[in-house]
Amino acid sequence: MRKPMERNTLRNILLRAQYRIGTLALDSLNKPSLTERPECFIGLDASYSKKYGAVAVAALTDAYGNIKSYSIAVGQPPIEYIPGLLAFREAPILYTAYQELREKCENQVVLVDGHGIAHPRYAGIASHLGLALRKPSIGAAKRRLYGVEYSLSRGCRQYPCIAGELIDPKASRKLATIIFASKRNKIYVSPGAYISLQKATKIILSLLQPQISPRMPTPIYYADKISRNIARCLDRGDCNPTAIRRGVLDSINLIDNTSI
DNA sequence: GCGACAG
DNA sequence: ATCTTGTCGC
C-alpha cells in the first residue's frame, strides 16, 4: 500500500486541472449547442448515505418541469469535500446516474445543484459536467462561492424574479444571475457550459415553481428529494443498492418522503 | 495573519 | 452534505 497523498498535494493537482477546465468552460459558452427550445431537462443532485456513500439521482422532466423518470447511482465518493473542488467529489457519480437518461431526449439541458462558471477558476461542478457530457448545462446554487454580489432589487410581487447579479472582480464579467425563488430564498444561476448566461437565466426562471419547490428549479428539486429519500431508506436498511438498481423502487412515490 | 469557503 | 428540538414567522 502506498502512503495517502497529502491533502494539499492533491489540492494543488486538482487546482491546476481546474484552470484548464475553466478555460474550456468559458470558451464553450459561445459555441452554439442549443438551437431550438429544449424538449426536456435533466436535474442532477446527490445525497449521502452513511452505509453506502453518495446517492446520485438524475431526474428527467418535460419542457415544463413535470417529472417523467429518473435514474440512480450509488457509490463511495473519491475524495472528501474541499471548497472549490466539489466537482471532483460529486461529478463522477452524477455522471453515472445521468447515463441511463442520456438518450431519452434530443434537445436537452442539464441542471446541476451547485455553481457553473461562478467559481474562482470558472470550473464549478455544472461546468465539469457540461463539458464531460457535451451538453448545455446550468448551475443553480443556494449559496455564493465566488464573485461580487450586486443587488438590483429587494423583492417582487410575484416570484420568481431577478434580485441581482454576481460579477467577476478580476475580469468585470457577469458570472451569475441572482434570483428570488421565493420571498426569502435566493439562488445563484450561472452557465456551466455550451449556454449563455441569458438563456440560462430564462430557463431557470421558467422552471421555478414556488408552489412545488420554494427554492430550486423543479428538475433539481426532484433529484434532491428522491436522492435524500433513497439515502434514508438505505440507512434504515429498508432497501439496498441492488434492489434500487433493479428498479424495485421505481415509482414516483419516492418524491413524498412518507413512503418507502 | 485573517476571513471565506458550492455540496 | 449531515447531525437534530423546538420555535419564530408568513
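Throughout, protein chains are lettered first and strands after them, A, B, ... in sequence-line order, and every chain is numbered starting at 1.
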Is it true that A:K142 and A:D113 make a salt bridge, defined as a side-chain N closer than 4.0 Å to a carboxylate O?
yes
Indicate, with a heavy-atom threshold strictly under 4.0 Å, whether A:R144 touches base, sugar-phosphate, or nothing.
sugar-phosphate
Atom CD1 of A:I117 to atom P of B:dA6: distance rounded to whole Å?
18 Å
Please report the distance, rounded to the nearest Å, between OH in A:Y188 and P in B:dG7.
10 Å
For the pair A:T61 (side chain) and A:I67 (backbone), establish whether a donor and an acceptor sit closer than 3.5 Å, ignoring hydrogens and angles.
no
Backbone of A:A123 reached by a side-chain donor or acceptor of A:Q18 within 3.5 Å
yes
Whole angstrom value for the distance that separates C1' of B:dA4 from CG of A:L86
16 Å
Looking only at heavy atoms, the pair that brings A:I79 and A:R89 closest together is O-NH1, 2.9 Å
Looking only at side-chain N and O atoms, does A:R228 come under 4.0 Å of OP1 or OP2 in C:dT2?
yes
Looking at the side chain of A:S47, which of C:dT2, B:dG7, B:dA6 is the nearest nucleotide?
C:dT2
Tell me the interatomic distance from A:Y146, atom OH, to B:dG7, atom C1', rounded to whole angstroms.
20 Å
For a quick check of understanding: with a heavy-atom distance under 4.0 Å over all strands, which category does A:I82 fall into, base, sugar-phosphate or nothing?
nothing
Would you mind classifying the nucleic acid contact of A:K142 as base, sugar-phosphate or nothing, using non-hydrogen atoms under 4.0 angstrom?
sugar-phosphate
Quickly work out the A:I178 CD1 to B:dA6 C1' distance and round it to whole Å.
14 Å
Counting N and O atoms only, with roles assigned by atom type, does the side chain of A:T23 sit under 3.5 Å from a partner on the main chain of A:Y19, one being a donor and the other an acceptor?
yes
For the pair made of CZ in A:F88 and P in B:dA6, what is the distance, rounded to whole Å?
16 Å
Which is true for A:G139 with a 4.0 Å heavy-atom rule: it touches a base, it touches only sugar-phosphate, or it touches nothing?
nothing
Which whole-number value in Å describes the distance from A:I220 CD1 to B:dG7 P?
10 Å
Using a 4.0 Å heavy-atom cut-off across all strands, classify A:Y81 as base, sugar-phosphate, or nothing.
base
With a 4.0 Å cut-off on heavy atoms, is A:L85 in touch with a base, just the backbone sugar-phosphate, or nothing at all?
base
From CD of A:E90 across to P of B:dG7 the rounded distance in Å is 9 Å
